[in-house]
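Heads up, the thing below is written out as structure tokens.
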Protein chains: 2
Amino acid sequence: MMISSRGRYVLRVLADLAQHSGGEYIPMKDIAERQEISLKYIEKIMPVLTKSGMVDGLHGKGGGYRLNRPPEEYKIGEILRLTEGSLAPVHCLETGASPCGRADRCSTLSMWRRFDKLANEFFDSVSLADLLPPPPHDPET
Amino acid sequence: MMISSRGRYVLRVLADLAQHSGGEYIPMKDIAERQEISLKYIEKIMPVLTKSGMVDGLHGKGGGYRLNRPPEEYKIGEILRLTEGSLAPVHCLETGASPCGRADRCSTLSMWRRFDKLANEFFDSVSLADLLPPPPHDPET
DNA sequence: TGCTTATCCGATGAGTATAATCGGGTAAGG
DNA sequence: CCTTACCCGATTATACTCATCGGATAAGCA
């Protein structure tokens, strides 16, 4: 399994936020219940999202979390790179990784590079909006 | 990092086998030295490859390992699915995984399915032969 | 029959990361 | 000042990866 629970949970939380938010703040308690995720666990992960500016968190009564962009502008790749650290298939392709001394004679490196590009492009082509259920059909038809 | 050392090592070992073998058996000691991989560690992984019929192992003097197909017929996807167990991005897409009770209302499942397909198709489109260095150029030109 | 080579097998251990819990601290509203 | 809800740190259980060690087994060769 390539993607950790942290990354999977965050995607579902953000999708839930996108779906149920009309600008107001949504408490994590509600989302944790809907998504059947441990409140304490997800509470611990949320600060990563606020610090990166993806969501706003508000304390106290009437508080909770809120997206601060329209769902179309959240690329899944951006979210996963943040929570997973990297989407690279191998260590030597992670950003800031110590360069491998065998890179010049590694038989597999160029394949990993191509896959890395493919994976990043795929996840950057999907947005939060794409994860939402289709809007109810126009009753006219 | 998505791919474990086990998978990465096996690919390099098989590529080395493909490159240096002309039908005879190659001892792991040679390959471990060339690839700078711990002999003891790779020794432990090789039985997976013999049991699956990918390579032949022969004991004793003059022994070692040998591919039993031409390199073109080894798809990287086949090798990685064997050593990694699965290429699935999430647990619920692994073969034989216990079905997730939330599948019908999971907002991310269809995206994971599409990525799973993409990754498997990519690695099935690359063969061991593609990892070998280009053959020496025809001296005529 | 032994000697050498090389695959094979099991037990073990160090190290790391994930997933999760607990208890409390801090900000905001009514 | 009470409730709500985000925030923070410490701790733990678990699992897996990577690797080492010692030896068993098989095969060729003198």
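Below, chains carry the letters A, B, ... as their sequence lines are ordered, and counting in each starts from 1.
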Check your understanding: Starting at the 5' end of DNA chain C, which residue's closest nucleotide do you reach first, S38(A) or G62(A)?
Key ->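 Going by which nucleotide is closer to the 5' end, it is S38(A).
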Query raised in the report: In terms of the nearest nucleotide of DNA chain C, which residue is placed more toward the 5' end: G60(A) or M28(B)?
Result: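 Residue closer to the 5' terminus by nearest nucleotide: M28(B).
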Quick test of your reading of the model: are [X] and [Y] salt-bridged, counting only N-O distances below 4.0 Å?
X	Y	value
E78(A)	R69(A)	yes
D124(A)	K75(A)	no
E36(B)	R105(A)	yes

- Is any side-chain nitrogen or oxygen of Y9(A) closer than 4.0 Å to OP1 or OP2 of dA20(C)?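 Answer is yes, contact under 4.0 Å.
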Should S5(A) be listed as having a side-chain N or O under 4.0 Å from OP1 or OP2 of dA19(C)?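 For S5(A), the contact criterion (side-chain N or O under 4.0 Å from OP1 or OP2 of dA19(C)) is met.
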Problem set entry | Which atom of A88(B) lies closest to which atom of D116(B), heavy atoms considered |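 A88(B) and D116(B) have their closest heavy atoms at CA-OD1, 3.5 Å.
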inquiry  = Base, sugar-phosphate or nothing for G64(A)? Non-hydrogen atoms, less than 4.0 Å.
reply    =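 It contacts sugar-phosphate atoms only.
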With Y74(B) via ring pair (Phe, Tyr, Trp, His ring centres under 6.0 Å) - residues at least two apart:
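If we apply the ring pair (Phe, Tyr, Trp, His ring centres under 6.0 Å) test to Y74(B), skipping adjacent residues, there are no hits.
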Distance check needed: dC18(D) P versus L39(B) CG, whole Å only.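 After rounding, the reported distance stands at 17 Å.
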- Query: Separation of M2(B) atom CE from dT17(D) atom C1', in whole Å?
  - Reply: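 Between C1' of dT17(D) and CE of M2(B): 18 Å.
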Contact string for nucleotides 7-12 of chain D, one letter per nucleotide 5' to 3', B = base within protein heavy-atom range under 4.0 Å, S = sugar-phosphate only, - = neither, reads BS-B--
Step through it carefully: locate the ring centre of F115(B), locate the ring centre of F123(A), and say whether they are under 6.0 Å apart.
->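 Yes, the ring of F115(B) comes within the 6.0 Å limit of the ring of F123(A), centre to centre.
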